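These notes are about the structure you will find just below.
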Amino acid sequence: MKLWGGRFKEKIAEDMEIFNSSINVDIRLLPYDIEASLAHAKGLKKAKIITDEEFEQIERALREIKEEKFEEIPMVEDVHTLVEQMLVEKIGDVGKKIHTARSRNDQIATDERLYLRDEILKIIDLLEQLNSVLLELSKKYKNKVMPGYTHLQRAQPITFSHHLLSYVEMFRRDINRLEDSLKRVNVLILGSGALAGTSYDIDRMYVASLLGFKEVSLNSMDGVSDRDFIIEFLSIASLIMMHLSRFSEEIVIWSTQEFNFVELSDKYSTGSSIMPQKKNPDSSELIRGKTGRVYGNLFSLLTTMKGLPLAYNKDMQEDKEPMFDTVDTLKSCLKVFIGMLETMRVNEKKMEEAVKFGYLNATDLADYLVKKGIPFRTAHDIVGKLVVYAITKNVPLEELNIAEFRNFCQFIDEDVYEVLDVKNILKSRKTIGAARWEAEI
Ligand code: ARG
């Protein structure tokens, strides 16, 4: 069945028919198309465009269609055509009334919003699970010291939990962004018609409340041609993937024999077909890799939309694959990431040892000199020279004796050793948000 045969004399070319069809992709929207059709039918009933009996027939048929199990997806133009065709097969002429006061243009925008709202809630849930795993781990590794890096060079001592909690902050922002975006997803488009609204007296607020939408769109042309809500989702998804990817990169680095800070469980690693000894952190690598694909989806839709005159254009049918692929990719990455973290072995000893080498307490020594009345820049210079001296002796700063310290600065006393101690360094940090030693409760 075609929804538009009347105007045409010739049959569509076979290649064009296949080319034009989106059913293999938008079949995923079937439950949402049915939900929206049911709400629309209620709107038609309220406006007395269909009778109560007609509504009941439509409702029953739609519920049956929802339960339908397809062995093969019927080769029709799109999901909207499929639902209408099945409705007509079931209840004849009454089914043909469903499309009164509606266009596929306001229908698709509504279906997509219903779908995305559900998926955003599932993604928020996964991010919350991820954060609770991170919070558990940070409790477990509270006060376990490790080097903090800048330029991937050892910089200052931190705790492993401080490192983990930095990702909790990122994912919290991501949750906020998703929650905020729901305001713009939760808008009813039905009633916009093809582009100009409709002359039927449909109560849009009523239809919106049936579908749980908080608002109705205020301009019919914007309503049918707006895909900002999908692009916004794709950009938030890109940010989430960027966060997952940075974390994955760290896990890849930490899993090397050179670092050996963590070891992924066998469950989240794979081996080599030729090198029997290999155990590779493929879970992290794949998440890092899939980030590119999500960025690609964002760019794909931005580019699709950039030249489109108002209102609907068929180009917009291309919006679904990037949206579905991003939802699938993001959810699978989050699930694997959670499992990978839960089963990861942490080598606290290695982390602690790494803090001993690399002069991570040099900044604290400079701060010590400042407290003795030396301007910071001068203190920085003195400590720089001390570090060079210690490097030539191949010892950490705390292994220099007082006489050696005093060759560089006469104000250094015995109390310097307290200051150079990593635990004291972490205890001395005062600012909000600092990598600080947590008091035992
Ligand atoms: N399959 C179409 C899409 O996904 C539905 C809207 C079609 N509208 C139209 N006027 N041909 O965009």
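Quantities reported herein were computed from a predicted structural model and do not represent experimental measurements. Residues take their numbers from the sequence shown, with the count starting at 1. Order of listing sets the numbers, starting from 1, for every ligand and every atom in it.
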Find the distance between CZ (R28) and CG (D111) and round it off to the nearest 0.5 Å.
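So the CZ of R28 and the CG of D111 are separated by 13.5 Å.
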At a 4.0 Å threshold, what atoms of ligand 1 neighbour a non-hydrogen atom of [X]?
X	value
S22	1 (N)
H80	5 (C)
D78	1 (N), 2 (C), 5 (C)

Restricting to pairs with a member in residues 209-224, which pass side-chain hydrogen bond (donor to acceptor under 3.5 Å, both in side chains), not counting sequence neighbours?
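Applying side-chain hydrogen bond (donor to acceptor under 3.5 Å, both in side chains) to every pair that reaches into residues 209-224, excluding sequence neighbours, yields R204-S217.
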What's the shortest distance from [atom] to any protein heavy atom, and which residue and atom give it?
atom	answer
atom 8 (N) of ligand 1	N105 OD1, 2.8 Å
atom 11 (N) of ligand 1	R104 NH2, 3.6 Å
atom 12 (O) of ligand 1	Y312 OH, 2.4 Å
atom 4 (O) of ligand 1	K320 NZ, 2.6 Å

Does the distance from a Lys or Arg side-chain N to an Asp or Glu carboxylate O, for [X] and [Y], drop under 4.0 Å?
X	Y	result
K331	D328	no
R184	E232	yes
E59	K45	no

Residue selection (non-hydrogen contact nearest atom 1 (N) of ligand 1) among E77, E318, Q317
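Result: the heavy atom closest to atom 1 (N) of ligand 1 is in Q317.
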Is the ring centre of F247 less than 6.0 Å from the ring centre of F337?
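Between F247 and F337, the centre distance is under 6.0 Å.
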What pairs meet the salt bridge (charged side-chain N to carboxylate O under 4.0 Å, His left out) rule with one or both residues in residues 146-161, with sequence neighbours excluded?
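Matches after skipping sequence neighbours: none remain.
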Using heavy atoms and a threshold below 4.0 Å, how should the contact between Q107 and ligand 1 be classified: side chain, backbone, both, or neither?
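The answer is neither.
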